[in-house]
Novice: 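One structure, as structure tokens, below. Some questions next.
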Amino acid sequence: MRRIAHALEAQLCTALERAFPDEVAAAQQAGTPLDPQLAPASQPEFGDFQANGALALARRLKQPPRTIAGAIVEQLGGDPAFVELCEPAEIAGPGFINLTLKPQRLAEELRARLGDGRLGVLSAADDPGHASSAELLAPVIVDFSSPNIAKEMHVGHLRSTIIGDALARVLEFRGYPVLRLNHVGDWGTQFGMLITHLKQVAPEALTTADAIDLGDLVAFYRQAKARFDADAAFQATAREEVVKLQSGDPVSRRAWQLLCEQSRREFQQIYDRLDIRLSERGESFYNPLLETVVADLQALGLLVTDAGAGCVFLEGVKGKDGQPLPLIVRKSDGGFNYATTDLAALRYRFAAAPDGDGAGRLIYVTDAGQASHFAAVFQVARRAGWVPVGGRLEHVPFGLVQGDDGKKLKTRSGDTVRLKDLLDEAVDRAEADLRRRLAEEGRTEDETFIQHTATTVGIAAVKYADLSTNRITSYQFSFDRMLALAGNTAPYLLYAVVRIAGIARKGGAGADTAVGAPGPELPAELRFSEPQEWDLVRELLKFDAVIAEVEEELLPNRLCSYLFELSQVFNRFYDKVPVLKAEEPSRSSRLALCRFTAATLKLGLGLLGIPTLERM
RNA sequence: GGGGCUGUAGCUCAGCCGGAUAGAGCGACGGUUUCCUAAACCGUAGGUCGUGGGUUCGAGUCCCGCCAGCCCCGCCA
């Protein structure tokens, strides 16, 4: 409906101009153009769209809002394009203009999308809502997941991984070249401690691949950290080790590579289960650029040495004494820290092609606790002139995964929850539930089916539960809730797809509900009569606007809400309106609705990183 | 002390650029199946939107104060 909304917007602006030519011209000159305030109707009984502009203009034009609305409506009535598109506009309440599309136009709009694999969602390059439609779309970088080498992925990596992947999928679908970067923690102090500790207690791990498994490595890491915090001598040795590593000492380097290799394979197992593609480009990648970053900050006059550390003092950020807070980019021991790396990465990503990624938009998907860090890094980058004109720089923060107690999720014994264990349990529970249902219903399915279904449902449940709340708030993790068969959950949506697909299948022709599948003989014209049919048509036509919104706001939960609402609207339709038993032309029109609903759910879930099932 | 985020129904959460009577799911209660479907549909009950001011024709939404919870604040990421 974005195209229609865009057309309506233009018609409203024209009507406004004709109704109040002097005021519109004056407002334009003043740099505050009048806005008809077109928005989706807040209630179905108000039609498809509403224009709220008349209310806001009342004071400015010194006329009652209903009079203004009346003048606009009169002009609309004289616009052939509007008359073709809409029923006569109505004035309601204090001065709202309610707009209802002609049913014929809705049916045509839907009909046009039936054979379209994109279901009417334009590539951003073709979207009339985008200013730079003619320009080539610049690459978007989504920085997400980012676990640490030599540690296991845990629940703390869940949200970044799932949200980042969903956002990347939406942006890719909209036609952007997307670079999915895994900014793994593969550098820095942690390796100094780990390598030092391993040299003493398990030297074979540093020379032989897979001498110890990752679980043990994690235990060693903990021990190393404990020693680092408690033992000054160890700390000194560890720091020397970092210097060795960073200066390219072959022994340290080899050890580091072995650790990275091993971690990488472990991470990949998780990514495979979650069906997530990532390009690894760890912190070490930017190592050669760090010196220049600091030198250039120095040359720009932004760098101040304070207590031996290289600092950029921040504007508008004050500390305890009312003094500006620094972003430290060079430690007093001469080493660099994560701020330096983040600046180097940001600069490289925006920089033009051979020496950088040439990105137009950087998206960082990390927890909300890092908000001030990113604000500081972004500020320094801007002041250094490393953010190109029009370059978008966004921290996409998210809240905590909490347990029932409202605190950060932990195991019963108080340990961090490993991602592997969490996924295992979701799948195990899905399997147990499936087996129980099969027994209850007297169904028999082979092991392959059971495993595939349980895996899909379990993983989908975890992903959907994470994506379906507004990411900025923390959410309470609950296997019971996310695996529930009813409500706003993955199993409910997956079942909706299965059921609708089944109906279409029974309808004979049109069995294939795959996205973009070549349709069966489509009816030349769709004919609808029941209100539930029109409700479904309207809901289906909202899809493109939802996708555009997710692209802009980076809020996957908007897509989740839409998919849930869509399946509810479908269920109301299917409850009241016969499909297969209907006479033509209703039958094929309704079957087309079923096919299109299934395709929309499949595509929408796919953009969330959730595959669907044919049966379950 | 400074900064950020959060506070909406019994529970878990939505709420778009400020728009008409604040929504959903779960739970509770009641109803619907001779008709493709019941993992469904319909209905009822349940709210000082933390709190006090302000801006506005209009505030859950914007601004200020306060309360509560969580998080960040010089060399970890």
Side-chain angles (χ1 to χ4, degrees), chain A residues 35 37-43 45-46 50 52 55-56 58-59 64-65 92-96 98 146 148 183 185 187-190 225 283 306-311 316-323 325-333 335-339 341-342 366-373 375-376 397 399-400 402 406-408 437 465 468-470 472-476 478 480-481 484-489 491-492 494-496 498-500 502-503 506-507 545-546 549 552-553 555 557-558 560-561 564-565 567-568 571-572 574-582 590 594 616:
Chain A
D35 181 4
Q37 294 190 24
L38 181 68
S42 61
Q43 313 257 349
E45 60 263 35
F46 300 150
Q50 60 187 65
N52 305 330
L55 289 157
R59 166 161 297 197
F96 297 105
N98 289 342
S146 308
N148 289 317
H183 191 78
W187 209 239
T189 323
Q190 62 208 23
K225 177 87 169 82
E283 294 169 346
D306 189 86
C311 304
V317 185
K318 285 176 184 165
K320 287 172 189 167
D321 323 323
Q323 298 300 309
L325 280 176
L327 178 72
I328 295 178
V329 295
R330 168 161 250 163
K331 300 190 280 184
S332 52
D333 67 2
F336 302 110
N337 64 2
Y338 61 101
T341 308
D342 282 344
T366 80
D367 68 277
Q370 296 188 49
S372 40
H373 166 67
L400 262 43
Q402 301 174 324
K407 296 190 176 159
K408 195 190 266 193
R437 294 192 140 270
S468 60
T469 62
N470 186 317
I472 196 68
T473 54
S474 298
Y475 74 96
Q476 262 185 41
S478 161
D480 286 335
R481 273 202 298 273
L485 306 172
N488 189 6
T489 66
Y492 172 90
L494 289 174
Y495 185 72
V498 166
R499 228 175 50 164
I500 301 168
I503 295 154
K506 272 191 210 159
V546 173
E549 192 181 321
E552 190 55 32
E553 313 276 337
L555 289 173
N557 66 301
R558 297 279 165 79
C560 294
S561 301
F564 180 57
E565 180 65 24
S567 25
Q568 287 186 310
N571 280 329
R572 279 174 215 136
Y574 203 55
D575 188 56
K576 286 283 185 299
V577 182
V579 175
L580 299 176
K581 295 184 175 178
R590 290 171 185 174
C594 292
M616 63 188 281

Novice: For rC67(B) and rU48(B), measure between their C1' atoms and round to the nearest Å.
Specialist: 16 Å
Novice: Taking any heavy-atom pair under 4.0 Å as a contact, classify Leu38(A): base, sugar-phosphate, or nothing.
Specialist: base
Novice: Please enumerate all protein N or O atoms sitting under 3.5 Å from an N or O of nucleotides 9-16 of chain B, with distances to 0.1 Å.
Specialist:
{"from": "rU12(B)", "atom 1": "OP1", "to": "Gln476(A)", "atom 2": "NE2", "distance (Å)": "3.2"}
{"from": "rC13(B)", "atom 1": "OP1", "to": "Gln476(A)", "atom 2": "N", "distance (Å)": "2.8"}
{"from": "rA14(B)", "atom 1": "OP1", "to": "Asn470(A)", "atom 2": "N", "distance (Å)": "2.5"}
{"from": "rA14(B)", "atom 1": "OP1", "to": "Asn470(A)", "atom 2": "O", "distance (Å)": "3.3"}
{"from": "rA14(B)", "atom 1": "OP1", "to": "Thr473(A)", "atom 2": "OG1", "distance (Å)": "2.9"}
{"from": "rG15(B)", "atom 1": "OP1", "to": "Arg558(A)", "atom 2": "NE", "distance (Å)": "3.2"}
{"from": "rG15(B)", "atom 1": "OP1", "to": "Arg558(A)", "atom 2": "NH2", "distance (Å)": "3.2"}
{"from": "rG15(B)", "atom 1": "OP2", "to": "Asn470(A)", "atom 2": "ND2", "distance (Å)": "3.2"}
{"from": "rC16(B)", "atom 1": "O2", "to": "Glu549(A)", "atom 2": "OE1", "distance (Å)": "3.4"}

Novice: Residues two or more places apart in sequence or in another chain: which of them pass ring pair (Phe, Tyr, Trp, His ring centres under 6.0 Å) with Tyr338(A)?
Specialist: His373(A)
Novice: What string of B, S and - do you get for nucleotides 18-24 of chain B, 5' to 3', when a contact is any protein heavy atom under 4.0 Å?
Specialist: -BB---S
Novice: Might you work through the side-chain contact (heavy atoms from CB on, under 4.5 Å) test for Thr341(A) and His183(A), ending with a clear yes or no?
Specialist: CA-CA 10 Å; Thr341(A) 308; His183(A) 191 78; 4.1 Å; yes
Novice: Using a 3.5 Å distance criterion without hydrogens, assess whether the side chain of Gln37(A) forms a donor-acceptor pair with backbone atoms of Leu55(A).
Specialist: no
Novice: How long is the span from the CD atom in Gln476(A) to the OG1 atom in Thr469(A), to the nearest 0.5 Å?
Specialist: 11.5 Å
Novice: Which value, in whole Å, describes the distance between the C1' atoms of nucleotides rU33(B) and rG60(B)?
Specialist: 41 Å
Novice: Got a sec, which residues hit side chain to side chain contact (heavy atoms under 4.5 Å, CB included) with Ser474(A), two or more places apart in sequence or on another chain?
Specialist: Leu400(A), Gln402(A)
Novice: Find out whether Tyr574(A) and Ile500(A) are in side-chain contact, i.e. whether some heavy atom of one side chain is under 4.5 Å from a heavy atom of the other.
Specialist: no
Novice: Which residues pass the side chain to side chain donor-acceptor pair (under 3.5 Å) test with Glu283(A), not counting sequence neighbours?
Specialist: none
Novice: Apply side-chain contact (heavy atoms from CB on, under 4.5 Å) to residues Arg481(A) and Thr489(A) and explain how you reach the verdict.
Specialist: CA-CA 8 Å; Arg481(A) 273 202 298 273; Thr489(A) 66; over 6 Å; no
Novice: Considering only atom C1', compute the distance from rG25(B) to rG19(B) and round it to an integer number of Å.
Specialist: 26 Å
Novice: In whole Å, measure the gap between the P atoms of rG58(B) and rG15(B) for me.
Specialist: 26 Å
Novice: For Pro397(A) and Ala368(A), work out which heavy atoms get closest and say how close.
Specialist: CB-CA, 3.7 Å
Novice: Which residues satisfy the ring pair (Phe, Tyr, Trp, His ring centres under 6.0 Å) test with Phe564(A), sequence neighbours excluded?
Specialist: Tyr492(A)
Novice: So which protein N/O to nucleotides 74-77 of chain B N/O distances come out below 3.5 Å?
Specialist:
{"from": "rC75(B)", "atom 1": "O2", "to": "Ser332(A)", "atom 2": "N", "distance (Å)": "2.5"}
{"from": "rC75(B)", "atom 1": "O2", "to": "Ser332(A)", "atom 2": "OG", "distance (Å)": "3.3"}
{"from": "rC75(B)", "atom 1": "N3", "to": "Ser332(A)", "atom 2": "OG", "distance (Å)": "3.0"}
{"from": "rC75(B)", "atom 1": "N4", "to": "Ala307(A)", "atom 2": "O", "distance (Å)": "3.1"}
{"from": "rC76(B)", "atom 1": "OP2", "to": "Lys331(A)", "atom 2": "NZ", "distance (Å)": "3.4"}
{"from": "rA77(B)", "atom 1": "OP2", "to": "Tyr338(A)", "atom 2": "N", "distance (Å)": "2.9"}
{"from": "rA77(B)", "atom 1": "O3'", "to": "Glu283(A)", "atom 2": "OE2", "distance (Å)": "2.1"}
{"from": "rA77(B)", "atom 1": "N7", "to": "Tyr338(A)", "atom 2": "OH", "distance (Å)": "3.0"}
{"from": "rA77(B)", "atom 1": "N6", "to": "Tyr338(A)", "atom 2": "OH", "distance (Å)": "2.7"}

Novice: With distance as the sole test, does Ser332(A) use its side chain to make a donor-acceptor pair with the main-chain N or O of Ala309(A) at under 3.5 Å?
Specialist: no
Novice: Kindly determine whether Phe336(A) and Val329(A) satisfy side-chain contact (heavy atoms from CB on, under 4.5 Å), including the steps that lead there.
Specialist: CA-CA 6 Å; Phe336(A) 302 110; Val329(A) 295; over 6 Å; no
Novice: Any sub-3.5 Å donor-acceptor pair from Arg558(A)'s side-chain atoms to Glu549(A)'s backbone N or O?
Specialist: no
Novice: Any donor-acceptor pair under 3.5 Å linking the side chain of Asn488(A) with the backbone of Ser561(A)?
Specialist: no
Novice: On RNA chain B, check which nucleotide each of Gly487(A) and Ala39(A) is closest to and give me the residue with the more 5' one.
Specialist: Ala39(A)
Novice: Rounded to whole angstrom, note down the C1' distance from rC70(B) over to rC17(B).
Specialist: 30 Å
Novice: Considering only the C1' atoms, how many Å lie between rA45(B) and rG53(B), rounded to the nearest integer?
Specialist: 34 Å
Novice: At under 4.0 Å between heavy atoms, which parts of nucleotides 27-37 of chain B does protein reach? Answer with one letter per nucleotide, 5' to 3': B base, S sugar-phosphate only, - none.
Specialist: --------SBB
Novice: Dot-bracket for RNA chain B, 5' to 3', with Watson-Crick and G-U pairs under 3.5 Å, [ ] for crossing pairs and | for other-strand pairs: what is it?
Specialist: (((((((..((((.....[...)))).(((((.......))))).....(((((..]....))))))))))))....
Novice: Output all residues satisfying side chain to side chain donor-acceptor pair (under 3.5 Å) with Arg59(A), sequence neighbours left out; order by chain, then residue number.
Specialist: none
Novice: Can you list everything that forms a side chain to side chain donor-acceptor pair (under 3.5 Å) with Asn98(A)? Sequence neighbours excluded, please.
Specialist: none
Novice: Using the P atom on both, measure rC57(B) against rC11(B) and round to a whole Å.
Specialist: 38 Å
Novice: Mind checking the C1' distance from rU32(B) to rC49(B)? Whole angstroms is fine.
Specialist: 34 Å
Novice: Taking side chain to side chain donor-acceptor pair (under 3.5 Å) as the definition, give me every residue that meets it alongside Arg499(A), ordered by chain and number, with sequence neighbours left out.
Specialist: Asn571(A)
Novice: Without decimals, in angstroms, what is the distance between Lys407(A) NZ and rG69(B) C1'?
Specialist: 11 Å
Novice: Whole angstroms only, please: what is the CG-P distance between Leu400(A) and rG7(B)?
Specialist: 15 Å
